[in-house]
Amino acid sequence: MIYSLLVLSPPHSGQGASTAVQFARAAISRGHSIHRVFFLDQGTYNACAAQVTPQDESDTLQQWVDLAQESNVELVLCIASALQRGLIDSTEARRYDKQAATIHPAFVISGLGQLVDASAASERMITFGC
Amino acid sequence: MILHTLNRAPDSAAFRDCLRFLTADDALLLLGDGIYAALKDSSSSEELAVTGASLYVLEADASAAGIVNLLGNDVTLVDFAKFVELTEHFPRQQAWH
């Protein structure tokens with residue numbers, strides 16, 4: 001089946017984000033495909049490129065990046081949620097005259113329409129709350 | 001036929017809301033702090049039992065919290081593969097958080 005995920009949980013606060021990425025891996029292992037992961041509200045912090053994970057904790061950012069690269073999963077941040085939190089790509093950095101991009105390039109910034117589209121294009125939409 | 005997921009502790013508004021909507025056809029998967037709702041002989045586990053919904057707990061979270069041996073007998077522990085299997089079986093999910 002085609003799955004999409006909605007991630008509301010930030011990394012390193014509760015288990016939500018880590019649960020979401022492990023769920024995605026397990027779904028792919030069971031023969032499903034992940035069409036898109038949409039990050040909303042605090043969930044957009046998952047894309048922060050500057051986060052440094054303590055050595056004894058799991059690196060959620062790297063797990064998202066691996067998921068995107070190995071399984072061709074689209075990682076989309078809600079633009080309103082991301083910009084308010086200072087999570088910008090190079091295009092937004094130029095647009096708002098900021099010094100640099102702050103999100104990992106494995107993620108893209110787009111509108112809430114991408115969540116609606118994911119929901120319409122997928123047989124399952126699974127939400128991971130914060 | 002809804003898969004409910006709850007990741008808030010049993011003293012939360014999310015737990016009360018979830019409880020109100022659970023039916024015997026549904027399943028409830030407890031995640032994060034939600035796992036404490038399934039503690040043996042707790043008032044929350046008794047309230048959940050009354051709904052008739054099937055009760056599941058994410059093993060990774062229960063094990064991280066060290067409460068695997070303190071869960072009620074009517075609880076089924078699930079790994080991530082089994083979590084996915086639940087979403088295959090239930091066409092809709094309601095996340096309480």
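Here is how names work: the chains are called A, B, and so on, in the same order as the sequence lines, proteins then strands, and each is numbered from 1. Excluded from the calculations below are hydrogen atoms, water molecules and symmetry mates; all remaining heavy atoms, backbone and side chain alike, are included.
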Trainee: Taking side chain as everything from C-beta outward and backbone as N, CA, C, O, which of these in B:Leu6 sits under 4.5 Å from a heavy atom of chain A? Side chain, backbone, both or neither.
Mentor: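 Neither part; nothing is under 4.5 Å.
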Trainee: With a 4.5 angstrom heavy-atom cut-off, could you sort out which part of A:Ser29 is near chain B: side chain, backbone, both or neither?
Mentor: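 Nothing of A:Ser29, per the 4.5 Å heavy-atom cut-off to chain B.
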Trainee: Using 0.5 Å steps for rounding, measure from the CZ atom of A:Phe128 to the CD atom of B:Gln93.
Mentor: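 A:Phe128 CZ to B:Gln93 CD: 7.0 Å, rounded to 0.5 Å.
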Trainee: Tell me, side chain or backbone of B:Arg8 under 4.5 Å from chain A's heavy atoms, or both, or neither?
Mentor: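 For B:Arg8, the side chain is the part near chain A, not the backbone.
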Trainee: Should A:Arg30 and B:Glu88 be marked as a salt bridge (Lys or Arg N to Asp or Glu O under 4.0 Å) after you check the CA-CA gap, both sets of side-chain angles, and the distance that decides it?
Mentor: CA-CA 10 Å; A:Arg30 283 185 61 82; B:Glu88 291 164 10; 2.8 Å; yes
Trainee: If two hydrophobic side chains count as joined below 4.5 Å and joins carry through other members, does A:Met1 share a cluster with B:Val84?
Mentor: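 They do share one cluster, since a chain of ILVMFWY contacts under 4.5 Å joins A:Met1 to B:Val84.
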Trainee: Nearest 0.5 Å please: distance from the NE2 atom of B:His97 over to the OG1 atom of A:Thr127.
Mentor: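 It comes to 6.5 Å.
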Trainee: Using 0.5 Å steps for rounding, measure from the CD atom of A:Gln15 to the CG atom of B:Asn7.
Mentor: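 If I round to the nearest 0.5 Å, the distance is 8.5 Å.
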Trainee: Is there a path of hydrophobic side-chain contacts, each under 4.5 Å between heavy atoms, that joins A:Leu83 and A:Val108?
Mentor: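 Different clusters: A:Leu83 never reaches A:Val108 through Ile, Leu, Val, Met, Phe, Trp or Tyr contacts under 4.5 Å.
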Trainee: Between chain A and each of B:Ala14, B:Ala95, B:Pro91, count heavy-atom pairs under 4.5 Å; write down the option with the most.
Mentor: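 Top count of heavy-atom pairs under 4.5 Å with chain A: B:Pro91.
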Trainee: With clusters defined by side-chain heavy atoms of hydrophobic residues (ILVMFWY) lying less than 4.5 Å apart, directly or transitively, does A:Ile88 cluster with A:Leu77?
Mentor: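 Hydrophobic grouping puts A:Leu77 with A:Ile88.
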Trainee: Would you say A:Ile103 and A:Phe38 are hydrophobically clustered, going by side-chain heavy atoms of ILVMFWY under 4.5 Å?
Mentor: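 Looking at the clustering, A:Phe38 is in a separate group from A:Ile103.
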Trainee: Pick from B:Thr5, B:Leu58, B:Thr87, B:Asp79: which one has the most heavy-atom pairs with chain A under 4.5 Å?
Mentor: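 Highest number of heavy-atom pairs under 4.5 Å: B:Thr87.
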Trainee: What are the two closest non-hydrogen atoms of A:Ala26 and B:Ala81, and how far apart are they?
Mentor: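 Nearest heavy atoms, A:Ala26 then B:Ala81: CB-N, 4.0 Å.
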Trainee: Are A:Phe23 and B:Phe83 an aromatic pair, judged by ring center distance below 6.0 Å?
Mentor: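 Yes, they do, as the ring centres are separated by less than 6.0 Å.
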Trainee: Among B:Phe90, B:Trp96, B:Phe80, single out the residue with the greatest number of heavy-atom pairs under 4.5 Å to chain A.
Mentor: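 Most pairs with chain A among the choices: B:Phe80.
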Trainee: Can you say whether A:Leu8 sits under 4.5 Å from chain B via the side chain, the backbone, both, or neither, judging by heavy atoms?
Mentor: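 Contact with chain B: side chain only.
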Trainee: Would you say B:Ile2 ends up clustered with B:Phe15 if hydrophobic residues are merged whenever their side chains have heavy atoms under 4.5 Å apart, either directly or through other cluster members?
Mentor: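 Shared cluster, no.
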